[in-house]
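Here the structure is laid out as structure tokens; the discussion comes afterwards.
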Protein chains: 2
Amino acid sequence: MGIIRKTESVEILLNEFQDTETALSTVELITRLGKFMNKTTIYRILEKLEDDGILHSFIGFDGVKRFARCKSCSKSNHSDVHPHFQCISCGKSECLDIEVNIPDMSNREVLFSQLLIKGKCDLCMV
Amino acid sequence: MGIIRKTESVEILLNEFQDTETALSTVELITRLGKFMNKTTIYRILEKLEDDGILHSFIGFDGVKRFARCKSCSKSNHSDVHPHFQCISCGKSECLDIEVNIPDMSNREVLFSQLLIKGKCDLCMV
DNA sequence: CTTACATTTGCAACTAAGTTGCATTAATAA
DNA sequence: TTATTAATGCAACTTAGTTGCAAATGTAAG
Ligand SMILES: [Zn+2]
Ligand SMILES: [Zn+2]
Ligand SMILES: [Zn+2]
Ligand SMILES: [Zn+2]
């Protein structure tokens, strides 16, 4: 079930996702927005925005869920599949606008895949 | 710091990893081996075996850590990089013996990457 | 503008994975 | 056999995420 009412909390949360390439963890969002809304509200809105195809999520190397803005998804069509990058220096994670081709899986049915890359981002590369 | 003494707990745990292709979650291992050893012991031994290059790990779609036997790693050289597959029907996860080529990252330094695939395994494909 | 009502929110309590400190047990080598 | 030190069990803790319910608020009809 997605978003039905445009509440203040929804607006505040969406504001954090202006940058299409940057992914934000639930922990980060709770720290940033904890004074404006309850953490339960944050979790619930994120879930709804994901249902609506406005955000997508992945689990980082630390096991914490991250969210980022979708580019071309809708409630019925979640087509936003791309790799994610996590910088070990600054901690930033981001969507990568590149194509990954999954090798052929002869005896398995592939429904979804995610590539997670760990390294140093452009700013931290020395 | 890896394994120093070959204790009974280490033996029992290693026995679970006979099958090179199958990955086991910490939760599964605690359920299976909880009567033989404490969960703290399980976590600690797994960590050490990973340090030693005997096991490797990844975080599943559910956020739970999974471990599997390495084929050709050592304490100093962790070369076992391959995709992992998680079956949505039977819940089994396994190592895939296939090569993935990460696209060139012009402005980023890639240190590690993991491809996680969700789908139906050979036995569950109908 | 007011009312009605369903959606959303806050709160507190809970679940579950994983960690830590410390006293006790046990593997190893002298 | 004993001394040493790693490994273990236990309980208490941390942290991410969830749930139930009462109170608050957005929305549309009247
Ligand atoms: Zn960085
Ligand atoms: Zn993304
Ligand atoms: Zn299966
Ligand atoms: Zn593997």
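In what follows, every chain begins at residue 1, and chains take the letters A, B, ... in the order their sequences are listed. Just so it is clear, the model here is predicted, and its values are computed rather than measured.
Note: the hydrophobic cluster containing Leu49(A) also contains Ile12(A) (ILVMFWY, side chain heavy atoms under 4.5 Å, direct or indirect links). Criterion: ILVMFWY side-chain heavy atoms under 4.5 Å apart, direct or through other members. Under it, Ile59(B) and Leu96(B) are not part of a common hydrophobic cluster. The hydrophobic clustering, which links ILVMFWY residues whose side-chain heavy atoms are closer than 4.5 Å, places Leu14(A) and Leu29(A) together.
Put simply, Lys48(B) has no side-chain N or O that comes within less than 4.0 Å of OP1 or OP2 on dA6(D). For the pair Thr41(B) and dA7(D), the criterion of a side-chain N or O lying under 4.0 Å from OP1 or OP2 is not met. Taking only side-chain nitrogens and oxygens, Thr7(A) never comes nearer than 4.0 Å to OP1 or OP2 of dT7(C).
Picking from dA11(D), dA6(C), dT18(D) the nucleotide with the shortest atom distance to the side chain of Arg5(A) gives dA6(C). Ranking dC10(D), dT28(C), dT8(C) by closeness to the Thr40(B) side chain, first place goes to dC10(D). The Arg44(A) side chain lies nearest to dC21(D) when the options are dT18(D), dC21(D), dG18(C). Listed candidates were dG9(D), dG18(C), dT8(D). Nearest to the side chain of Tyr43(B) is dG18(C). The side chain of Lys65(B) sits closest to dG18(C) out of dG18(C), dA16(D), dT9(C). Of the candidates dA17(C), dT8(D), dA7(D), dA17(C) carries the atom nearest the Val64(B) side chain, counting heavy atoms from C-beta on.
Between Asn38(A) atom CG and dT25(D) atom C1' the separation is 16 Å, expressed in whole Å. In this entry the distance linking CD of Glu47(A) with P of dA16(D) reads 18 Å, nearest Å. Regarding Ile4(B), its CD1 atom lies at a distance of 19 Å from the P atom of dA26(C), rounded to whole Å. Between the CG atom of Leu46(B) and the C1' atom of dA7(D) there is a distance of 14 Å, given to the nearest Å. We find that CG of Leu29(B) is positioned 14 Å from C1' of dG18(C), with the value rounded to whole Å. The distance between atom CE of Met1(A) and atom P of dT9(C), rounded to the nearest whole Å, is 10 Å. One can place CD1 of Ile30(A) at 14 Å from P of dC11(C), the figure rounded to the nearest angstrom. Atom-to-atom, CD of Glu8(A) to C1' of dG10(C) comes out at 14 Å; the value is rounded to the nearest Å.
Axis angle between the ends of the helix from dC1(C)-dG30(D) to dA30(C)-dT1(D), five pairs each and rounded to 10 degrees, works out to 30°.
Counting non-hydrogen atoms of other residues, nucleotides and ligands closer than 6.0 Å to CG of Asp104(B) gives a total of 12 or fewer. Enclosure of atom CD in Glu8(B) is not indicated, since only 12 or fewer non-hydrogen atoms of other residues, nucleotides or ligands lie within 6.0 angstrom.
In this view, Phe58(B) and His84(B) satisfy the ring-ring contact (aromatic ring centres under 6.0 Å, His included) rule, not counting sequence neighbours. In this structure, the side-chain contact (heavy atoms from CB on, under 4.5 Å) partners of Val110(A), at least two apart in sequence or on a different chain, are Met105(A), Ile117(B).
Within the nucleic acid shown, Lys39(A) comes within 4.0 Å of at least one base atom, counting heavy atoms only. Ile45(B) comes within 4.0 angstrom of sugar-phosphate atoms only, judged by non-hydrogen atoms across all strands, and of no base.
Using a 4.5 Å heavy-atom cutoff, the side chains of His82(A) and Asp97(A) are not in contact.
Projected onto DNA chain C by closest heavy-atom contact, Thr26(B) and Gly2(A) fall at different nucleotides, the more 5' of which corresponds to Gly2(A).
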